[in-house]
Amino acid sequence: MIVSTTEKEIDSLIFNINEKNGSTNLELITDEGALQIFRFEYQNHGGSFPEPLTLQWRIPATKVKGMWKPTADFSKRIEADWELENHESRISIDAPVISLFGNNDENVLCFACSNAINRVEMAAKYREEDNHFYCQIIFFTESKYPVKDFSADIRIDQRKIHFSQALKETSKWWEGYENLKPTSVPAIAKKPLYSTWYQFHQNLNEDLLFKECQIAKDLGFESIIIDDGWQTKDTNRGYDYTGDWLPERFLNMAELVQEIQNIGMKVGIWYSVPFCGKKSKAYQKFKGKFLTENHRWAPVFDPRYPEVRNYLVGIYVSAVKDWNLDGLKLDFIDDFRSYQETPFGSDSDRDFSSIDEAVDALLSQVIVEVKKVNPEIFIEFRQKYTGPAMRKYGNMLRAFDCPGDYTMNRVRIADIKMLCGDTAVHSDMVTWHFDETVQDAALHYLNTIFGVPQISVMLNEAPESHLNMIRFYTKYWNENSDILLTGKFLPTSPLANYPVQKVEKDDKIILGIFENQFLKLTELHEKIDVVNAKPSEDVVLVVKNGKGEYNCSLYNCEGILVQKQKIYLEEGMNTFKIPKCGLAQMKSTE
């Protein structure tokens, strides 16, 4: 709640700012008409704990269809002001941005904050009394220690561009801040990956694992993440033994890694970074240096202690060096947070008051030190920790776990992709039941096509038709990865879960259709690929400008060429059939 306000009008925007326990200043530093950037500064008087500080403005609720937030998933609806929950962002949760989009996917308002490390709350709520959206950015909602001086930039974009373009440019804006510069992305981060999680869980078997790698490599996968279970023989799906990170299950880890690398695959392993199980030696060593001991999984390390940070960094550096690893999957970063029992009193052994700033220091140290051992190492983070700060230390951002839910996988890939810049975006590991028809199995895989595919099924048990499908589309993905990852990406209809997506680069466009909707082309390209990622054959392509003759090849989902013909694309509506979960490749004859 705003306790007292100072009203400040800058051009057409009127900001209300509470100033109960300090002084504030708001300055317009960039003005490009419909795109403005403000610098917000706060100075605390007396060194007390700052109370929540709100910056608020409103815009008329016109031509707004929905609201986009980084992890809204299926819920991109308009929210009313009596819905009390705000969008929360901090270093390991989401990103400080909200987008209001219109009836034709156009940007109505996209506002973002440069404060991507410490916690900030944001909202754009509809007020029924006056039919306006009330926009808020709230700082210091979790004040546990004094803050003297604070500043953050606020970017407000009201340009009539596609909403995804506004988000992409917001991501580029974040990259311009020294404390948010992304790390480099190695080539291996942009290759299809085999994961052990969904099919093995913690029941890893060395011989079977190596056999799976051989099949995966033959299908076109270039790397593997050995997930939870490598470090312990305990299979209770818990974290009692985390913290020591000794390869109890694979006693000769270096030899296993070398064997897998010898067949041409890169190897990464999983760590649950914050957890220190009560059955580990580390638990006794770091007693008293936890954010909580009452977490549902395991006690949580307190990264505000340099001793804790150095210990964790040493674990990862030693593993990369001793086992010649190519990658790390650093998990559960979002559990570094304040808990009810987290101490914030004076402690000379802690060198940070802020948990978020301590996490930043920890992960900055990790990326620097492991890159000294392997400059091309890949590091994976998953939603919700895929915001602008996490790109400093992670070069692979993965959709949050959604086993068996290919629609959610598609949505989460697109949501990350619009904010990730050049950082590689990976699907959640796809998994399905082998009683599925090959077309239905293909639905799971094809919904990852605009990200980097990850797969997590027992390949040696898969039906031959399923393996054919995986091989065909992995080959297709590898051949078109440059377009899929670096081309202009356009997801449509966020409220309908992006039923049509497209990417274009140079003379080629790839269209993915996931529901029975029209495909729209503003203009024709020399090469047009249509991925029919739905369980029906009928496809309607609407061409706005141009016409031309094309050689068209139709493939079913196993990669069998079922038809080759000349087609003529007319301006307006064109109808044709593509096999269920199949592919049409068109090349101009001119």
Do [X] and [Y] have side chains that get closer than 4.5 Å, going by heavy atoms?
X    : Y    : answer
K279 : Y283 : no
I333 : M390 : yes
M429 : R398 : yes
I138 : V120 : no
V267 : I226 : yes
I188 : K190 : no
N374 : L325 : no
L459 : I470 : yes

Examine distances only and state if a side-chain atom of [X] and a backbone atom of [Y] form a donor-acceptor pair shorter than 3.5 Å.
X    : Y    : result
W174 : C113 : yes
R249 : Q202 : yes
T431 : Y198 : no
S195 : I455 : no
R391 : C420 : yes
T170 : A166 : yes
S114 : D153 : yes
H201 : G229 : no
N532 : S536 : yes
Y194 : E222 : no

For the pair [X] and [Y], find out whether any cationic side-chain nitrogen is under 4.0 Å from an anionic carboxylate oxygen.
X    : Y    : answer
D415 : K69  : no
D482 : K505 : yes
R119 : E121 : yes
E175 : K392 : no
K233 : E248 : no
R90  : E88  : yes
D73  : K76  : no
D428 : R412 : no
R337 : E142 : no

[X] side, atom [atom1]; [Y] side, atom [atom2] - distance, nearest 0.5 Å:
X    : Y    : atom1 : atom2 : result
I483 : F489 : CD1   : CZ    : 14.5 Å
L291 : F301 : CG    : CZ    : 10.5 Å
M253 : Q231 : CE    : CD    : 8.5 Å

Determine whether more than 12 heavy atoms belonging to other residues, nucleotides or ligands lie under 6.0 Å from atom [atom1] of [X].
X    : atom1 : value
K181 : NZ    : yes
E341 : CD    : yes
K580 : NZ    : no
N179 : CG    : yes
K266 : NZ    : no

- Item | Lys/Arg cation over aromatic F514: K534, 6.0 Å, 45° cone | no

- Item | Ring-face cation of R382 near F332 (centre distance under 6.0 Å, axis angle within 45°) | yes

- Message: Checking T437 against D440: is there a side-chain donor and acceptor pair closer than 3.5 Å?
- Response: yes

- Does the side-chain hydrogen bond (donor to acceptor under 3.5 Å, both in side chains) test come out yes or no for N118 and S354, once each step is laid out? CA-CA 8 Å; N118 287 302; S354 165; 2.8 Å; yes

- Message: Could you walk me through whether Q136 and N86 satisfy the side-chain hydrogen bond (donor to acceptor under 3.5 Å, both in side chains) test, starting with their C-alpha distance in whole Å, then the side-chain angles of each, then the deciding distance to 0.1 Å, before giving a yes or no?
- Response: CA-CA 9 Å; Q136 290 186 337; N86 292 328; 4.7 Å; no

- Might you work through the side-chain hydrogen bond (donor to acceptor under 3.5 Å, both in side chains) test for T71 and Q383, ending with a clear yes or no? CA-CA 8 Å; T71 52; Q383 285 173 309; over 6 Å; no

Is the gap between the ring centers of [X] and [Y] under 6.0 Å?
X    : Y    : result
F133 : Y126 : yes
W245 : Y271 : yes
F275 : H295 : yes
Y498 : F450 : no

- Task: Take E83 and R77 through the test salt bridge (charged side-chain N to carboxylate O under 4.0 Å, His left out) and record every step on the way to the result.
- Result: CA-CA 12 Å; E83 298 182 78; R77 63 176 179 82; 2.7 Å; yes

- Start with the C-alpha distance between E106 and Q165, add both sets of side-chain angles, then the distance that settles side-chain hydrogen bond (donor to acceptor under 3.5 Å, both in side chains), and finish with yes or no. CA-CA 9 Å; E106 76 276 16; Q165 186 63 29; over 6 Å; no

- Parallel, tilted or perpendicular: ring planes of W270 versus Y239, cut at 30 and 60 degrees: tilted

- Message: For W230, run the side-chain contact (heavy atoms from CB on, under 4.5 Å) check against L209, I269, T196 and tell me which one passes.
- Response: I269

